[in-house]
Visitor: 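Once you've had a glance at the structure underneath, I'll fire off some questions.
Note on naming: letters A, B, ... go to the chains in the order of the sequence lines (proteins, then strands), and numbering restarts at 1 for each one.
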Amino acid sequence: MILSAIVELSRLQFALTAIFHWFFVPLTLGLSFIIAFMETAYFKTGNEFWKRTTKFWMKIFAINFAIGVATGIILEFEFGTNWSNYSWFVGDIFGAPLAIEGILAFFMESTFFAVMFFGWERVSKRFHLMATWLTAIGANLSALWILVANAWMQNPVGVTFNPDSARNEMTDFFAVAFSPVAMNKFFHTVLSSFTLAAVVVIGISAWFLLKGREEEFSRKSIKIAAIFGLAATLLTAWTGDGSAYQVAQKQPMKLAAMEGLYEGKSGAPLVLFGILNGQKNISARSVDSLKYQTEKPFHFAVSVPKVLSYLANRDLNSFVPGIENIIKGGYPVTKNGKDTLALSIAERMERGKIAIKSLADYQKAKQAGDETGRDIALKDLRDNFEHFGYGYLSKPEDAVPNVPLTFYAFHLMVGLGVYFILFFIIVLLLEYKSKIAKQRWFLVISIISVPLAYICSQAGWIVAEVGRQPWTIQDLLPVSASVSGVNPNAVIATIVIFFTMFSVLLIAELAIMFKQIKKGPGA
Amino acid sequence: MHMLKRVWMFYYDGFRSMTVGKTLWIIIGIKLFIMFFILKLFFFRPELAKYKTEEEKSKVVIENLTK
């Protein structure tokens, strides 16, 4: 009971910190490039208008950066305190990418960031422009390494588990850094951040147009942001497809939850829109199996035939396993290039228990100086290590994430992604016809789109992180085995402190930002 | 030495001429104080830091993972 409370509170604490941290990051990633484009226009034309425009957006960038800076460090505090077993188990996988991230962030951002803000009259135009571009590239490269670490948790490759230290040791840096999961995650995340920043620029510019102020500034800002945003959103959709393919291959349970797919099928349809049946609750599966089995997964759903099969396996008629198939096993899979049948979760739990016992036996044999016993335990551990985490599950249903949250977050993210493609196209059309300043209804929609961009971005992370539950490291370590024996009251206290501190920071950011926006680019 | 002085003056003049930046630096300062002098000191003591050697830490984690 206490362990369950610690797990849930620590998850809540981590989710709260990560969500607040992610309020600040995407605008930094995207706005840095929009600023670089504007300053490039200033460098090429020498027109003071572009300098004034660049300086205004730079101020917005600085406010967001300053309020958000270091909020991610709290996540690292939490790793050491609340998730000590996990932190030790991941070994140097987190250490190496985060060290690179820290060095890059410190040297590139802090050096060139200062030149960006202090150097307007003190360095050459060319050097200043270079500093602006390097700040943008540096900020996005910083994101690369933290996303590589996250991708490894979703797809642990390039490591060997050391049974003497209980740590995973990196054996192939390139397999970790450039795995398809990591690459898709990086590009999908930064490109979606570009989309968010473009929407923010359009939203703020729309406010100026509604107020009848700064028409040239607003229309040129909108034009740059809309072109950048449309390109970013289309590429986000492309990398999203790549990410979904990787999820289908590496985390089939997450894909099943994303689609509310309980019974797998060949030529599986993609749900465009649906209302889940709350009675089809996975926790009821072991309590009242008959009722659970007879309930339909959806009250209502609009689907496109065969598309999920294509997205998951690049084959319209391929089989996509549902939650029930993954629990029961027995469906065809390809493993290490060989066709075989998937194990059931119960079988994986058995093999996971063997792996955990082998680790204990290995330690005992080592202490007793029993080399034969140690070798036998090590072989058993190696043979079953890919199922290690399943040994901690109490029942097969524990391997299923929160289906409604994952499903709705996924469909909200995709729906808003499609909306933003249409949004940018309409913005560009209206701007091309010089009508945007007069379409007050559309300017209002542009302002309303700003919070939608943040909701879309956060929904993406909910899909990624809730969808992979119960794992902190896919198949190897569930949340229940990752936590430390911390005092639940201390965790509650930090949740209250975080919520207060982050709320104050967010209010401060919005208040300072609104004040600067009201002053306008002329200030 | 001349170079170092120029770098120092670059940052010194930059910070001195800030407007919004001053408010932001105050917020950053308060935030870092709360993070490192309240949260880190009183709530976030790394669980394994009480064990001195790597071997002790490994032993504790293995015990946790195999119990």
Side-chain angles (χ1 to χ4, degrees), chain A residues 59 62-63 65-67 69-71 73-74 76-85 87-89 114-115 117-119 122-123 162-167 356-363 388 391-392 477 481 483-486 490-491 493-494 497-498 501 504-505 508-509 512 515-516 519 523, chain B:
Chain A
K59 211 172 264 183
I63 295 165
F65 185 90
I67 306 280
V69 74
T71 49
I73 290 174
I74 298 172
E76 292 184 37
F77 292 171
E78 290 167 16
F79 282 138
T81 305
N82 296 66
W83 305 97
S84 60
N85 290 339
S87 297
W88 187 260
F89 192 83
V115 175
F117 286 92
F118 302 157
R122 307 186 68 125
V123 297
N162 182 341
D164 294 304
S165 63
R167 306 194 88 175
I356 294 166
K357 184 174 178 301
S358 303
L359 178 62
D361 290 346
Y362 176 87
Q363 292 295 327
F388 191 86
Y392 297 102
L477 203 67
V483 286
S484 321
V486 288
V491 186
T494 57
I497 295 172
F498 285 165
M501 184 174 93
V504 169
L505 284 175
E509 159 151 4
I512 298 169
K515 197 174 164 188
Q516 287 306 312
K519 283 183 181 172
Chain B
M1 199 61 195
H2 180 63
M3 183 67 186
L4 277 177
K5 193 181 172 189
R6 279 181 63 191
V7 171
W8 165 256
M9 288 308 293
F10 178 84
Y11 280 91
Y12 180 76
D13 288 343
F15 281 115
R16 225 175 41 157
S17 60
M18 283 192 307
T19 50
V20 191
K22 280 181 186 147
T23 315
L24 295 177
W25 275 108
I26 292 168
I27 292 172
I28 291 171
I30 294 169
K31 178 173 61 177
L32 292 178
F33 176 81
I34 294 171
M35 279 171 56
F36 287 97
F37 291 95
I38 298 177
L39 290 174
K40 181 72 179 159
L41 280 184
F42 296 105
F43 293 100
F44 288 104
R45 277 170 248 168
E47 188 73 2
L48 296 175
K50 53 191 164 196
Y51 305 101
K52 285 178 187 156
T53 65
E54 298 284 287
E55 286 73 23
E56 284 177 311
K57 290 174 185 175
S58 293
K59 196 176 162 209
V60 170
V61 174
I62 289 170
E63 277 172 12
N64 289 341
L65 292 178
T66 56
K67 68 186 174 191

Visitor: Using a cut-off of under 4.5 Å on heavy-atom pairs, state which of A/Glu509, A/Glu78, A/Arg167 scores highest against chain B.
Guide: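 Max contact count across the listed options: A/Glu78.
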Visitor: Do you know which two heavy atoms are closest between A/Ala166 and B/Ile62, and how far apart they sit?
Guide: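 The answer is CB-CG1, 3.4 Å.
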Visitor: Tell me which of these, A/Val123, A/Val115, A/Val491, has more heavy-atom pairs under 4.5 Å with chain B than the rest.
Guide: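 Highest number of heavy-atom pairs under 4.5 Å: A/Val115.
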Visitor: Measure the shortest side-chain to side-chain distance between B/Val60 and A/Trp88 over non-hydrogen atoms and say whether it is less than 4.5 angstrom.
Guide: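 Not in contact.
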Visitor: Which pairs would a plain distance check flag for residues 34-54 of chain B, meaning a side-chain donor or acceptor within less than 3.5 Å of a matching protein atom at least two apart in sequence or in another chain?
Guide:
unit_1	atom_1	unit_2	atom_2	d
B/Arg45	NE	B/Leu41	O	3.2
B/Thr53	OG1	B/Glu56	N	3.1
B/Thr53	OG1	B/Glu56	OE1	3.4

Visitor: State, to 0.1 Å, how close A/Ser165 and B/Ser58 come at their nearest heavy-atom pair, and which atoms those are.
Guide: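 Minimum heavy-atom separation between A/Ser165 and B/Ser58: O-OG, 3.1 Å.
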Visitor: If we only count heavy atoms from C-beta on, is the A/Ile63 to B/Leu24 side-chain gap below 4.5 Å?
Guide: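 SC-SC contact between A/Ile63 and B/Leu24 confirmed.
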Visitor: With sequence neighbours excluded, tell me which residues meet salt bridge (charged side-chain N to carboxylate O under 4.0 Å, His left out) with A/Lys357.
Guide: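 Applying salt bridge (charged side-chain N to carboxylate O under 4.0 Å, His left out) to A/Lys357 gives A/Asp361.
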Visitor: I need the B/Thr23 OG1 to A/Lys515 NZ distance, nearest 0.5 Å.
Guide: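 Interatomic distance, B/Thr23 OG1 to A/Lys515 NZ, rounded to 0.5 Å: 6.5 Å.
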Visitor: If you apply the rule side chain to side chain contact (heavy atoms under 4.5 Å, CB included), what do you find for B/Ile27 with A/Leu505, and how did you get there?
Guide: CA-CA 8 Å; B/Ile27 292 172; A/Leu505 284 175; 3.7 Å; yes
Visitor: If you compare all heavy atoms of A/Ala114 against all heavy atoms of B/Tyr11, which two are closest, and at what distance to 0.1 Å?
Guide: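 In terms of heavy atoms, the two residues are closest at CB-CE2, 3.4 Å.
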Visitor: Which answer fits A/Phe498, side chain, backbone, both or neither, if we ask what part of it has an atom under 4.5 Å from a heavy atom of chain B?
Guide: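 For A/Phe498, the side chain is the part near chain B, not the backbone.
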